Amino acid sequence: MLQPHQPRPFPLKIIRLHRHPRWNFERAARRGQDLHHLPLDIFILDPLFNYLVAKATGGQFLLRIEDTDQKRTVHDAEQRLFQDLEWAGIEWDEGYQLLLCLRRILMLLIFPRPESRRPIWPSQRTAIYREHAEQLLQSGNAYRCFCTPERIRDLADYRSKLGLPPDYDRTCAHLSKAESDDRAAHGEAHVVRLLVPDQMPAFNDIVYGLVKQRRGSSKTPRANLGTVNGSLGSYEDPVLMKSDGFPTYHLANVVDDHLMKITHVIRGSFVNSNQEWMSSTSKHLVMYQAFGWEPPKFAHVGLLLDRNRQKLSKRLDSVGIADLRKRGIFPEALTNFVALLGWSHNVGNDVMSLEDLTTNASLKFTRGDTVVDSAKLEYLQKQHALRYALSAPSSNPLHDLKNLALMPTLKLLDQICADQPGRFALYQSIPSTAHENYVRDILWADAKQYTSPIDFIDRNRYFWVAPTSEGIAGSMPALRLHNVPSIAAQPSPAALTPFFSNFAEISEEDWKTAEIKSWISSIIEQATSRSFVELAQRHKHLSKEERDSARKQWGKSWNKLVYQYLRWALMGGMHGPDLAETVRILGRDETLKRLDEARNLLLARAEEEKSLQRKEDDSKSASGGMKVTSDIEAPKEENDFVWDAGENSPRNSGARRS
């Protein structure tokens, strides 16, 4: 794995990002959404790959605003994009870059270290592009096209009806140089087109190897289609200079790349039936050859697909950066998630900070498209939350759990309490000055399950309000020992509840996690010992190995039952953080209150069941029914695990301290 101080296979100095979500802005506008809802694959994937490789190679990350398409420029869009980049921790060294195009384009460049982060605006470099377009005209590698937009549109419509690609028919390619120059000199509107050869050049791609230009379904080259119902053949002659005097991406990209001494280009590609950017690469190579320039090396990365293998950015509900920020996704969780899309690493652990990603970045991209699994993002969110909770507070607010999760959660809790007074009675009963510490304790205890403020609040609702009596009664578990001998007696409610009632013996001063955990362990040990003693008395023939095995199994069964009871009584049966830590956070008074209510409900339910059983027995007796007795008589209920508050209580049990 390359390290920043080691020699590089190529001397990268700057990475350039080409990106303008033109299609996305248009789609968002039609949907009435904010213009900065950028899909995951369009916005973060491309700049992240470039940023990581640039930093891993000791280079710089340059952003340039490609503003050559003035009609598609969106007011204030750049600033919003910059804010999202900064939020993700992707900092640029110089300039801004925003490409007006539909697909991903990533560029690695060699460039001297800039003196400042001055912007680079291609719209202020139009003279340079016109000069290079003129060179292509003079060399015969380009020609002026005077066709009106209406004719171009009609031609495309006509060809579409014939099932042909919307290419140009080279009507103006046959104009003499004198006529072309004269019409242009008189101000006639025109564009400049590249004259592509019949056979497009092949190139060696870093990811895919040798790439040759794919042809359409016809076995006949487009340039040799001849006349079809009056229309000329099909030619992929892209526009280089528009009628408004601004260059298209194709010309500006190639010229700027050469002048900035680009060595490597990384950009997205289609690897399905349409190889979009790979075909564009061939057009760019034609221009490099026409200018006599050395082209850079190319690496094409796949697209991001949804679970149905549909292009992610084509979906109506494609996830945007603004959506993820609003949901509370951490910047490092997102960059970690995105970096794993289409990138192969040898780290051995998928959970990586931005610094880890930078250290291990490489050009080892996977071939083909990548299916995006949102479950992976949720997993990484939890892992980074746990990592932050276990680490010292960071001075970087983008890597600090207090800033990323605690404060947003407090804000949402206060908003809910203001909108719905009384909904979170327990939380509101706590002094407002103690709210932050209270929520902090819960968040740090539950960090490994944290995904977002709203999910955190919902999943830990028993910390904000006590479960209702109806909820406790409705979630009452069976409270039975499992995987024990069938002849063993099950603990009755009257015998079970005294264990937990004695939590009151823990003082307020001792109400700490370690003390509570010790108390829970002592309950399990006491119950296990009683069960084992009873079993041993009934089966005196058991060997030592059988006794040890039985005791171990009883311990597991009682451990499960005790934890099940406490989670039911305190949390309504919900899952949550470590049980002892949950008891500590709830506090002594709230815990005892909930245990008392659960005990009363359990005993009341047991009494109801007894009453029903007596009525059923009386009914059978009155109808002449016969009572069937078992050969093995179970212990009487009043003798089942009767709590002895004396020497065998948890407070006095030696097992509690073991």
Side-chain angles (χ1 to χ4, degrees), residues 33-34 36-38 40 44 83-84 86-89 317 319-338 351 353-354 374-391 393-394 396-467 571-572 574-578 581-582 585-586:
Q33 296 183 353
D34 291 340
H36 63 303
H37 282 200
L38 305 180
L40 195 64
I44 286 294
Q83 290 173 356
D84 282 342
E86 291 176 336
W87 169 82
D317 296 324
V319 178
I321 302 305
D323 299 321
L324 295 173
R325 292 181 63 177
K326 187 176 182 180
R327 280 168 46 186
I329 296 297
F330 301 156
E332 283 195 306
L334 182 60
T335 53
N336 190 175
F337 172 68
V338 172
V351 181
S353 65
L354 189 59
S374 58
K376 184 71 170 184
L377 176 58
E378 183 175 298
Y379 164 78
L380 292 172
Q381 175 83 343
K382 294 177 181 179
Q383 291 300 308
H384 281 283
L386 178 61
R387 184 170 65 86
Y388 295 146
L390 296 177
S391 305
S394 173
N396 186 343
L398 298 178
H399 306 157
D400 181 64
L401 193 59
K402 176 181 178 180
N403 177 72
L404 294 172
L406 177 58
M407 302 315 294
T409 300
L410 283 168
K411 181 179 179 181
L412 182 56
L413 278 169
D414 291 342
Q415 179 182 337
I416 294 174
C417 291
D419 295 340
Q420 305 176 52
R423 177 180 175 183
F424 292 155
L426 174 59
Y427 177 73
Q428 290 178 282
S429 69
I430 300 172
S432 58
T433 54
H435 280 176
E436 181 174 328
N437 287 336
Y438 182 71
V439 178
R440 179 195 296 274
D441 286 348
I442 302 169
L443 177 59
W444 261 249
D446 191 47
K448 65 180 180 180
Q449 295 298 328
Y450 180 88
T451 57
S452 66
I454 191 169
D455 174 73
F456 172 80
I457 292 173
D458 180 65
R459 191 179 61 259
N460 294 286
R461 66 178 72 100
Y462 46 84
F463 282 113
W464 327 122
V465 60
M571 307 157 65
M574 295 182 64
H575 294 288
D578 174 77
E581 183 68 4
T582 297
I585 295 172
L586 284 174

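Nothing here was measured: the structure is a model prediction, and the numbers come from that model. What's counted below: heavy atoms across the whole structure, side chains too, no hydrogens, waters or symmetry copies. Position 1 is the first residue of the sequence; numbering continues from there.
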Restricting to salt bridge (Lys or Arg N to Asp or Glu O under 4.0 Å), what partner residues turn up for [X], sequence neighbours left out?
X	result
Asp458	Arg461
Asp455	Arg459
Lys448	none

Looking only at heavy atoms, which two atoms of [X] and [Y] are closest? And how far apart?
X	Y	result
Pro577	Asn460	CD-OD1, 3.8 Å
Leu377	Leu324	CD2-CD2, 4.1 Å
Pro331	Leu404	CD-CD2, 3.8 Å
Phe330	His384	CD1-CB, 4.2 Å
Pro453	Pro408	CG-CB, 4.0 Å
Ala385	Leu401	O-CD2, 3.9 Å

TODO: Go through the steps for Phe424 and Ile457 under the test side-chain contact (heavy atoms from CB on, under 4.5 Å), then give the verdict.
DONE: CA-CA 10 Å; Phe424 292 155; Ile457 292 173; 3.9 Å; yes

If we only count heavy atoms from C-beta on, is the [X] to [Y] side-chain gap below 4.5 Å?
X	Y	result
Asn396	Asp400	no
Glu332	Arg387	yes
Tyr379	Val351	yes
Arg325	Asp84	yes
Ser432	Asp414	no
Leu398	Trp87	yes
Ile329	Gln381	yes
Thr335	Phe337	no

Task: Test side-chain contact (heavy atoms from CB on, under 4.5 Å) applied to Gln428 - qualifying residues, sequence neighbours left out - done: Cys417

Task: Whether Gln449 side chain and Gly576 backbone form a donor-acceptor pair below 3.5 Å - done: no

For residues 436-445, tabulate all N or O donor-acceptor pairs below 3.5 Å that involve a side-chain atom, not counting sequence neighbours.
residue, atom, partner, partner atom, Å
Glu436, OE2, Arg440, NH2, 3.3
Tyr438, OH, Phe463, O, 2.6
Asp441, OD2, Arg584, NH2, 3.4
Trp444, NE1, Ala389, O, 3.3

Nearest 0.5 angstrom please: [X] [atom1] to [Y] [atom2], how far?
X	Y	atom1	atom2	value
Leu586	Glu581	CG	CD	10.5 Å
Gln383	Glu378	CD	CD	11.5 Å
Asp446	Leu386	CG	CG	10.5 Å

- [ ] For Tyr427, enumerate each residue passing the ring-ring contact (aromatic ring centres under 6.0 Å, His included) test, keeping only those at least two apart in sequence or located in another chain.
- [x]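 Expected list: His435, Trp464.
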
TODO: Answer yes or no: are there more than 12 heavy-atom neighbours, outside Leu390 itself, under 6.0 Å from its atom CG?
DONE: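 For Leu390, atom CG is crowded (more than 12 foreign heavy atoms under 6.0 Å).
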
